[in-house]
Protein chains: 2
Amino acid sequence: MLDFAVLGLLNESPMHGYELRKRLAALLGAFRAFSYGSLYPTLRRLAEAGWITEDAPLDAPGPRARRGKRVYRITAEGKEHLAELLAEVGPDAFDEDGFGARLAFFASTRSDVRLQILEGRRRRVEEQRDGLRSALSRAGERLDRYTRELHEHGLDSVDREVRWLTELIESERSERPQTRPRSGSERAAVRPDEHVTYPESREEP
Amino acid sequence: MLDFAVLGLLNESPMHGYELRKRLAALLGAFRAFSYGSLYPTLRRLAEAGWITEDAPLDAPGPRARRGKRVYRITAEGKEHLAELLAEVGPDAFDEDGFGARLAFFASTRSDVRLQILEGRRRRVEEQRDGLRSALSRAGERLDRYTRELHEHGLDSVDREVRWLTELIESERSERPQTRPRSGSERAAVRPDEHVTYPESREEP
DNA sequence: GGCGCATGTATCGTCGTGATACATCGCGCC
DNA sequence: GGCGCGATGTATCACGACGATACATGCGCC
């Protein structure tokens, strides 16, 4: 999840850890920004895996080991890996945060994958809604007033999210009405200025 | 946070860990139920602190060590501790989960503390709203369409939550219009069938 | 001249999660 | 008659994120 977001951002341009975190915050909604406590370990892991490089600006040979600014840059392998991540759905894509991260890079995501993600997320939220709904109608009467209020508010929110997702899905479908043909190669519906390159489209085995 | 919720539930009646988790889930909203991985360690911690007891049903002296059903029960000290927790606000009371937990036990919470919690939570959510709002008006135009959509939906939700909290606050105030007198002892406004006993009302030092 | 604030890198203890393991019991179903 | 399956029930562990903290630099502003 963090891997995905970091690669996505570094694919746009090289960055410092600090700026990365700010961009992450802007992307995922100000609150819900990862802390450095997870960001730096992630960067190191990504560097070890070869997806990114870490340009440490030649340490001035002074007496104290300076803590230099480090610029992180995506590698060719990293782009390849990102393209794979963008093309698959993965189980995290439907929870709150994972969905947010996927949505943030929808412009680089194949149109059919976009639909899969939106529909999966909607299914997930509908389950929440139904669970909440039946819990309320079962126990609603003998629930504490405040607890009931909380659950009703939660039900409302979740209900609105389902409607929002439905709108997104519909607009996604109307902009891409070729649901019919089911042609052999579902090719990338992506803008030409995209940085990533897509692997071959693959059928489910 | 978990401590608080567990003590609150055990204050109503003794329970197994399993049932505790179910009640927790019902209370906090089905999703957002703590896993056993945090529940059992918490129970052990609470038992060590003396807030609860752990009734292990005398192991049948058979060859294999049976894993018996354990009934957890709140102690007198636990009730005292719970009353303290209920009377103070604490910094977790304003985040999503902490607030939910506090709300779930509002019936056992002093009316003035209720107001503090509601208002603190509202302030928190207003900050989120304003941050989101200004981020959107600053960068809204050059934002990805999907990202903007996500942030606008988030802003909507947060906005509605503020309004919801305002309603709760107003109804809280109207049911307790003695905001005026500022009499020496802010006494418990609590139903007589409550299990907890309140410590002396204390003025801020 | 110094104060505070944004920039910038980094670590650590704490805590919750999600997966997993294991065990018992009642129920339906063939 | 026995078989499986889902609910009940207790428990652990690796992993990952958080929040606090530390430290350093450069910049503007009064």
Side-chain angles (χ1 to χ4, degrees), chain A residues 1-6 14-26 28-49 52 54-60 62-72 90-92 94-98 100-101 124, chain B residues 1-6 14-26 28-47 52 54-60 62-72 90-92 94-98 100-101 124:
Chain A
M1 225 244 78
L2 231 190
D3 294 25
F4 173 76
V6 165
M15 256 176 281
H16 293 170
Y18 186 80
E19 194 184 351
L20 208 39
R21 202 191 106 108
K22 279 201 308 179
R23 295 287 317 271
L24 233 28
L28 305 183
F31 41 104
R32 195 61 196 115
F34 291 88
S35 77
Y36 296 115
S38 37
L39 182 56
Y40 283 115
T42 294
L43 286 170
R44 204 160 310 136
R45 211 177 54 246
L46 292 178
E48 272 167 26
I52 66 174
E54 172 178 311
D55 290 12
L58 35 141
D59 268 73
R64 23 175 96 257
R66 297 256 291 97
R67 206 139 45 161
K69 305 194 177 186
R70 279 158 155 62
V71 175
Y72 298 93
D92 321 359
F94 303 145
D95 58 43
E96 178 94 45
D97 293 338
R124 173 76 63 90
Chain B
M1 226 242 78
L2 231 190
D3 295 24
F4 174 76
V6 165
M15 256 177 279
H16 293 171
Y18 186 81
E19 195 184 351
L20 208 39
R21 201 190 107 107
K22 279 200 309 179
R23 296 287 316 270
L24 233 28
L28 304 183
F31 43 104
R32 194 60 193 116
F34 292 86
S35 78
Y36 296 116
S38 37
L39 182 56
Y40 283 115
T42 294
L43 285 169
R44 203 160 312 135
R45 214 178 51 247
L46 291 179
I52 66 174
E54 172 178 312
D55 290 12
L58 36 141
D59 268 70
R64 27 177 92 257
R66 296 257 290 98
R67 202 137 49 160
K69 306 195 178 187
R70 279 158 156 62
V71 176
Y72 299 93
D92 319 359
F94 303 143
D95 58 43
E96 178 93 45
D97 293 337
R124 174 75 63 92

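Here is how names work: the chains are called A, B, and so on, in the same order as the sequence lines, proteins then strands, and each is numbered from 1. None of these values were measured; they are calculated from a predicted model.
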Over how many whole Å does the gap from B:D3 atom CG to C:dC15 atom C1' extend? 11 Å
Using whole Å, what does the distance between atom P of nucleotide C:dT9 and atom CG of A:D55 come to? 12 Å
For a quick test of reading the model, state the closest non-hydrogen atom pair linking A:Y36 to A:P41 and the distance between them. O-CD, 3.6 Å
To the nearest angstrom, how far is B:Y40 atom OH from C:dA21 atom C1'? 13 Å
For a quick test of reading the model, state the closest non-hydrogen atom pair linking B:M15 to B:R23 and the distance between them. SD-CG, 3.7 Å
What's the spacing between A:E19 CD and A:Y72 OH if we round to 0.5 Å? 13.0 Å
Nucleotide D:dT10, atom C1' - distance to CZ of B:R44 in whole Å: 10 Å
Sorted by number, the residues of residues 14-22 of chain A with heavy-atom contact under 4.0 Å to DNA chain C: A:H16, A:G17, A:Y18, A:K22
For atom CG of A:D97 and atom C1' of C:dG18, their distance in whole Å: 16 Å
Testing the basics here: between B:P14 and B:V71, what is the closest heavy-atom pair and its distance to 0.1 Å? CB-CG1, 3.9 Å
Considering non-hydrogen atoms only, spot the tightest contact between B:A101 and B:M1 and give its length. CB-CE, 3.5 Å
Tabulated below should be each protein N or O lying under 3.5 Å from an N or O of nucleotides 13-17 of chain D; please produce it.
none

Using whole Å, what does the distance between atom P of nucleotide C:dT9 and atom CG of A:L39 come to? 9 Å
How many Å lie between CZ on B:R23 and C1' on D:dG9, as a whole number? 18 Å
Please give, in whole Å, the distance from C:dG16 P to B:E96 CD? 16 Å
